[in-house]
Each structure stands twice: as structure tokens, then as C-alpha cells.
Amino acid sequence: MDARLRLYNTLSRKKELFEPLNPPFAGLYVCGPTVYGDPHLGHARPAITFDLVFRYLLHLGYKVRYVRNITDVGHLEADLDEGEDKIAKKARIDQVEPMEIAQYYADRYFTFMGALNVKRPSIEPRASGHIIEQIRMIQQILDKGFAYIENGSVYFDVKKYSEFYDYGKLSGRILEDLMTNTRTLEGQEEKHNQADFALWKRAQPEHIMRWPSPWSDGFPGWHLECSVMGVKYLGETFDIHGGGMDLLFPHHESEIAQCQAALGHESVKYWLHNNMITINGQKMGKSLGNFITLEEFFTGSHKELSQAYSPMTIRFFILQAHYRSTLDFSNEALQAAEKGLKKLMTGYETLTRLIEANPGCEQPGRPADPENGSIASKLNESCYAAMNDDFNSPIVIANLFEAVRFINAVNDNNDTGSLQELPTLKNVFDVFLFEILGITKETEDGQQLIVNGLMDLILSIRQKSRINKDWGTSDQIRDALQKLRIAVKDGKEGSTWSPGN
RNA sequence: GGUUUCGUGGCCGAGUGGCUAGGCAGCGGUCUGCAAAACCGCGUACAGCGGUUCGACUCCGCUCGAAACCUCCA
């Protein structure tokens, strides 16, 4: 087994050994949300993917600085209002200040990502707070001769750039194709070439989000912020840059070009890209209008949803697929995830109970089968191997299911010979399920304590009727609870209950 | 048209040149007052056609099909 982390670098299209530039430090930059709409399932994929990366790097002992930007400026609307900032457009509709919109949706984003147990990054910088730095980088690119000024706007000169460097190396694009194949958009006649992209745009009079610059009152181009903030907080070269596959071109390609042009070298060592979530085989996205917001998932209020799905179900659903695969949404798949997760959590509870009931087993490291090593430590190794192989969370989950089968077998057979495996097994769950995969028990609040008390009471009454073989009463209670979506299970040592089906 | 990626059993999804993925659903059984859970067992797979190979689902080529990107998008 290779105990070292390997990750798939989009730049080389190969799995590479992770060797950070300045160990024990590791830098991670991920393209964050544009805050002009409610967070949907598509936002959850990269957030959870790179949360997994973040958590695993931390677990391996790296001192990680994780930067994820908030885009609150600079994305152009290409359809009806060309040249107008998306946030500004929404603001005009709602008759409020653009920053108020950005603030509102940023807050929503944080709230829902929090529900998904996504760790907050070390730094969450906003594009609007880095206008000065962006202006400086534009000036650097101009000074090096890789940009030109046209009517108050500044454009990146892709043709000039590709005389020295390879524009297209990340996405596999060929420059000649880009020059000829790019669709002609209105208001783009200032460009010398179709493939050129804006570094600074002069604002039209009705454009409300604007800042002064040496060239005009305007706003920065839409690829610039990530280059600027990545370099500012992680250094001129840093380890990992992540994002969705849809950002590969032109966004990340242009980021590489901007850094190369301004700094004389590239800034990113490993490029990581998560795949898309599809709905009926099609990408789920804002512009397609087929997205389901996270709020709708949590409440079940969308016509495509047959029920509500808890945040942990969503998280588990996403982690059950490898991050570089597309993941197709369906109610059936979500329900399977819900049940699978429940099985895992029940298994963990059984494990905890077994350890409490058998204080003698609290000496880890004594394998039941010394010939072949313990099952628990094998699973542990297998989980590390999976994570080291480009963050293969589905394999980790498969291992955890195997652990559950083992736990249940011990529980059923009272196999005392295997009890000493349990502490190690608990450690595997604590590390992989909770710490690295970031699954949590769904929260219990004050109401829950009352419910617990009531349920204890009800089940003790039912137990009495069962002892008296009063099946009518006992079934009446169970059926009534069933209608409230509370499942009762009768075991040898009394009954237990759980919410859900 | 170009670039990138993919096509695995009822559904979702891993993986490998020869040895069980896993989950959900289904069927049979054990257990149980019944049920649920759990456990045991079972079934239908690697789009098609060629090639390389002792042997390919796994490598190569072609065909068919799908998606993303080429335009803001996670």
C-alpha cells in the first residue's frame, strides 16, 4: 500500500504524488459562489468535495490555509443586458443596494453550507474588497505587454501571450479554434481578437457597481479576482487550486495566463476539478432553470422531490460518488443514500453500546486473528489507501459498511473473541466517518429531550402490555407511532425506536 | 465543428489485465407473538464490433450513444 497522497492533476491529466511546496504548510484555493442567487445542489458539490480535501489534509497533519472567494462583482450578464453586472441587474430589479443582495445571498450560502457541515475556509475574501490589488495586477500585465487599452477598457492579448506561452494547456484548447470559433457577441468589437478577454471594463452610465481606475470608472474582468486573491493569500506559487469542471475554460485557463503574464511564472501546482451534478442526465444549473435549491431539499418543497432530505443525506449522497464522476440526481438515489446513512449511524450506535457493555475490551491492539491481522486494522488501512488514491470516498464508505456488518455479527452472536476489535473499529468510524467525511448526527435540540422522555413512557407501557400478551394494545401503540413516522423495533432486551420510516 | 469526459446488473455507484466492490430495491431462509431490524443465501453486469494478449469489463482502434466546455454558470 502506498501511504502517500496522490491526486489527479487536471494539468497533467494524471494522478500525481502530493508534494506541497512548503511543508508542513499546504495552500488550497477554491472558486466560491457568485452571490446573486440561493444556493442549490450544484453549489453543494464543490463545497463538499473540497471540504473533504481540506479535512483530509488537516488530518494528515498539514497546516492548511484554505481560501474560498465570494464573487460579489464582475460577472457579466451575456443575454439581455450585455455588459451589465449580474448583481447590479438583480439589484435594479429589486430596487436595493447591490451589496445588500450580495450580503443576503452570502449569508444564505454560509447558512446552508453550515447545515451540510462544510467547514468554513481559513479566509473567504470578496472580490469587491480587492479592487486595488486587481488594478495592480492589470498594470503588471500591461507593463509586460500582454494587454492593451481600448476606450477605457483593458483586454488580455491572448495572441501575444501565446507567442511565449501555451494558452490552452489546461483545457486542451487550440488557439486557432478559439480565434475563429468563438461566438460573436455584441459590445465586443473593442477586442483585437475573439479569444481576448477583459481585465477591466469601462462601466456604462447605468452600471451601478463601479470603481475608479487609471483607465476608467468601471469594474474588473471576471477571471481576475481568483488570480489576485490566490496570490495575495497563498503566495505567488501555491499548492492546490480547485473548482468545478465548468470553470476549466475559460476561467481557469485565463487565470493561468494572467499569473504567467503578470508574475513571469504560473502560480498553481495542482489543479483539481469536481464533476457536475445532473438531473435527468442534464447539468443542474442556474441558467438552465432546472436546479433545486438546498432549502427546497431540506423542506421537500419542489415538484421533483417526493420527500424532504436532510442535510446529512445530501452530504452522504454526494460523497458516495467520486468527485470526478458526474452524479445523477433522483429520488430513488437520494432515498437509497438516506437508508444507507441510517444503517451506518445505527451501526455506530451499536458499536458504542457494545463497547460500553464490555468494559474489558478497552485494550486496543489485540487482534482476534493474529495470523492475518485484525479486521479493524485492515479496514483502517483500506480507508487510508482509498483516501490517498485521489480522495476515493466511495471506497471509504464501502469499508464502513463492511465494518457495520462485522459489528452486527458481533452484536448478534455475542462473539466475545471479536470484542477486542471494537475500540479500533470505533476509531475508524471516528476518524473516517465523522472527522474526514464530515458526517454528523443530525442535531438534537431541547424538544428532543421531551420526545425521548415521552417515548420512554410510551414504550414502557407497551412493554407491560406485551408481557401480558395484550397484543391488541401493543400493536395499537406501534401502529399509531408508525403513522407518526416513528419505527419501533422489538429486541430481546426490550424495544427501541427511531424516527423516519 | 473543436476540446474534454463518459457508457457497469431494476436503480445509484466503485474498481481491476486473470481472484466478491458497496448501497438501495427484489427473492428464499434464520430469528421474532406478528412486524421491523439484523444475519445467511440467491439472481440479472461491464454499449457494439474488431485488435493486442495465454487471458480484457480493464489496454488500442473504430462504430453507436450521452454529457460538459467552446457564452455568465458549481
Side-chain angles (χ1 to χ4, degrees), chain A residues 10 13 30-34 36-37 39-47 49-50 74-79 82 85-86 168 170-174 176-178 180-185 188 195 222 242-251 253 273-278 281-288 291 316-317 320-322 324-341 343-344 346-347 350 386 389 392-402 404-405 407-409 411-413 466 469 471 474-475 478-479 482 487-492 495-496 498 501:
Chain A
T10 309
R13 308 204 182 276
V30 173
C31 293
T34 302
Y36 66 87
H40 58 82
L41 191 58
H43 290 100
R45 185 99 197 252
T49 296
F50 293 104
H75 279 253
L76 296 175
E77 193 77 286
D79 46 10
E82 73 252 12
D85 193 294
K86 274 189 176 175
L170 182 68
S171 56
R173 301 297 147 114
I174 300 156
E176 287 78 57
D177 296 337
L178 295 173
T180 54
N181 282 355
T182 305
R183 200 180 74 186
T184 308
L185 294 170
Q188 306 247 321
W222 46 101
M245 271 186 187
D246 51 344
L247 297 177
L248 232 150
F249 188 89
H251 185 54
E253 194 71 64
H273 290 94
N274 65 274
N275 216 318
M276 304 289 107
I277 286 180
T278 56
Q282 260 214 326
K283 186 174 121 173
M284 181 179 287
K286 283 181 211 107
S287 47
L288 293 168
F291 63 93
F316 189 70
F317 171 67
Q320 262 190 315
H322 188 260
R324 282 190 291 112
S325 300
T326 53
L327 175 59
D328 198 49
F329 155 85
S330 70
N331 279 292
E332 221 180 344
L334 261 308
Q335 282 159 10
E338 184 180 54
K339 287 188 181 171
L341 177 60
K343 186 174 181 175
L344 234 37
T346 308
T350 307
D389 183 17
N392 198 329
S393 53
I395 297 288
V396 173
I397 290 170
N399 284 326
L400 293 174
F401 276 115
E402 266 189 52
V404 168
R405 214 167 55 201
I407 291 163
N408 286 329
N411 189 38
D412 282 7
N413 305 334
R466 292 182 74 230
K469 295 198 189 296
W471 308 123
S474 112
D475 287 353
R478 188 174 61 195
D479 293 346
Q482 188 69 51
V488 178
K489 288 182 276 186
D490 297 331
K492 282 171 194 159
S495 306
T496 56
S498 58
N501 293 312

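Every heavy atom of this structure was used, including side-chain atoms; hydrogens, water molecules and symmetry mates were not. Numbered from 1 within each chain, the chains take letters A, B, ... in sequence-line order.
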Response to the item:
The side chain to side chain donor-acceptor pair (under 3.5 Å) partners of A:Thr346 (sequence neighbours excluded) come to none
Worksheet item: When you compare B:A36 with B:C19, how far apart are their C1' atoms, in angstrom units rounded to a whole number?
Response: 37 Å
Fill in: Residues forming a side chain to side chain donor-acceptor pair (under 3.5 Å) with A:Asn399, sequence neighbours excluded
A:Ser382
Practice prompt. Can you figure out which of B:C73, B:A14, B:C40 approaches the side chain of A:Arg405 most closely?
Written response: B:C40
Fill in: Gap in Å between the two C1' atoms, one belonging to B:G18 and one to B:C73, rounded
46 Å
Worksheet item: Side chain of A:Arg478, base of B:A35: donor and acceptor closer than 3.5 Å?
Response: yes
Item to complete: Could you list the residues that satisfy ring pair (Phe, Tyr, Trp, His ring centres under 6.0 Å) with A:His322, not counting sequence neighbours?
Response: none
Worksheet item: Do A:Leu341 and A:Phe317 pass the side chain to side chain contact (heavy atoms under 4.5 Å, CB included) test, and can you show the C-alpha distance, the side-chain angles, and the key distance before you say yes or no?
Response: CA-CA 9 Å; A:Leu341 177 60; A:Phe317 171 67; over 6 Å; no
Worksheet item: Say you pick atom P in B:C57 and the same atom in B:U52; how far apart are they, in whole Å?
Response: 15 Å
Worksheet item: What does A:Met245 touch in the nucleic acid at a heavy-atom separation under 4.0 angstrom: a base, only the sugar-phosphate, or nothing?
Response: nothing
Worksheet item: Can you check the A:Ile395 CD1 to B:U20 P distance for me, whole Å?
Response: 14 Å
Worksheet item: Between the side-chain atoms of A:Asp475 and the base atoms of B:G33, is any donor-acceptor pair under 3.5 Å?
Response: yes
Discussion item. Looking at A:Glu253 and A:Leu170, would you say the former's side chain and the latter's main chain have a donor-acceptor pair under 3.5 Å?
Written reply: yes
Item to complete: Can you tell me the distance, in whole Å, between the CG atom of A:Leu170 and the C1' atom of B:U3?
Response: 12 Å
Identify the pairs formed between an N or O of the protein and an N or O of nucleotides 24-30 of chain B at a distance under 3.5 Å, and give each distance.
from, atom 1, to, atom 2, distance (Å)
B:A25, OP1, A:Lys339, NZ, 3.1

Practice prompt. Round to the nearest Å and state the distance from A:Ile397 atom CD1 to B:G22 atom P.
Written response: 14 Å
Worksheet item: Once you round it to whole Å, what is the distance between P of B:G13 and NE2 of A:His322?
Response: 14 Å
Practice prompt. Take the protein atom CG of A:Leu248 and the nucleotide atom C1' of B:G2, then report the distance between them rounded to whole Å.
Written response: 15 Å
Worksheet item: Who are the side chain to side chain contact (heavy atoms under 4.5 Å, CB included) partners of A:Thr49, not counting sequence neighbours?
Response: A:Arg45, A:Asn274, A:Tyr323
Worksheet entry | Distance test, side-chain N/O of A:Ser325 to OP1/OP2 of B:A14, below 4.0 Å | yes
Discussion item. Could you check whether the side chain of A:Arg173 and the base of B:C69 have a donor-acceptor pair of N or O atoms closer than 3.5 Å, going by distance alone?
Written reply: yes
Worksheet entry | Gap between atoms NZ and P, on A:Lys489 and B:C34 respectively (whole Å) | 18 Å
Worksheet item: Of the candidate nucleotides B:G33, B:C73, B:C72, which contains the atom at the shortest distance from the side chain of A:Trp222?
Response: B:C72
Discussion item. Between B:C11 and B:C49, how far apart are the two C1' atoms, rounded to whole Å?
Written reply: 29 Å
Quick one: which protein N/O atoms are closer than 3.5 Å to N/O atoms of nucleotides 17-19 of chain B? Pair and distance per line, please.
none

Discussion item. Work out how far the C1' atom of B:U16 is from that of B:G26, and round it to whole angstrom.
Written reply: 28 Å
Response to the item:
Comparing nearest nucleotides in RNA chain B, the 5'-proximal residue of the pair A:Gly32, A:Ser330 is A:Ser330
Practice prompt. Could you tell me which non-hydrogen atom of A:Met245 sits nearest to which non-hydrogen atom of A:Met276, and how far apart they are?
Written response: N-CE, 3.4 Å
Fill in: P gap between B:G13 and B:C42, integer Å
26 Å
Discussion item. Can you list everything that forms a side chain to side chain donor-acceptor pair (under 3.5 Å) with A:Thr278? Sequence neighbours excluded, please.
Written reply: A:Asp328
Worksheet item: RNA chain B: A:Phe317 or A:Ser474, which has the more 5' nearest nucleotide?
Response: A:Phe317
Discussion item. Please classify the nucleic acid contact of A:Leu400 as base, sugar-phosphate, or nothing, using heavy-atom distances under 4.0 Å.
Written reply: nothing
Practice prompt. Classify the nucleic acid contact of A:Leu41 as base, sugar-phosphate or nothing, counting any heavy atom under 4.0 Å across all strands shown.
Written response: nothing
Discussion item. Under a 3.5 Å distance rule, please check whether A:Asn392 uses its side chain to pair with a backbone N or O of A:Ala386 as donor and acceptor.
Written reply: no
Practice prompt. Could you grab the distance from atom CG of A:Asp246 to atom NE2 of A:His251, nearest 0.5 Å is fine?
Written response: 10.0 Å
Fill in: Test side chain to side chain contact (heavy atoms under 4.5 Å, CB included) applied to A:Pro33 - qualifying residues, sequence neighbours left out
A:Val35, A:His43, A:Ile70, A:Tyr109
Worksheet entry | Range-with-range stems for RNA chain B, at least three Watson-Crick or G-U pairs under 3.5 Å | B:1-7 with B:64-70, B:10-12 with B:22-24, B:26-30 with B:38-42, B:47-51 with B:59-63
Discussion item. Holding to ring pair (Phe, Tyr, Trp, His ring centres under 6.0 Å), I want the full list of residues that pass it with A:Phe249, two or more places apart in sequence or in another chain.
Written reply: none
Worksheet item: Within the pair A:Asn392 and B:G15, is there a side-chain N or O less than 4.0 Å away from OP1 or OP2?
Response: yes
Fill in: Gap between atoms CZ and C1', on A:Phe249 and B:U5 respectively (whole Å)
17 Å
Worksheet, complete the sentence: Sorted by chain and residue number, the side chain to side chain contact (heavy atoms under 4.5 Å, CB included) partners of A:Leu344 (sequence neighbours excluded) come out as A:Phe316, A:Leu400, A:Phe401, A:Val404, A:Leu433
Worksheet item: Rounded to whole angstrom units, what separation is found between the CZ atom of A:Arg13 and the C1' atom of B:U4?
Response: 6 Å
Item to complete: Could you measure between the two P atoms, the one in B:A21 and the one in B:G61, and give it in whole Å?
Response: 27 Å
Worksheet item: Using the P atom in both, what is the distance from B:C70 to B:U53, to the nearest Å?
Response: 43 Å
Fill in: Partner set under side chain to side chain donor-acceptor pair (under 3.5 Å) for A:Gln335, not counting sequence neighbours
A:Ser306, A:Gln307
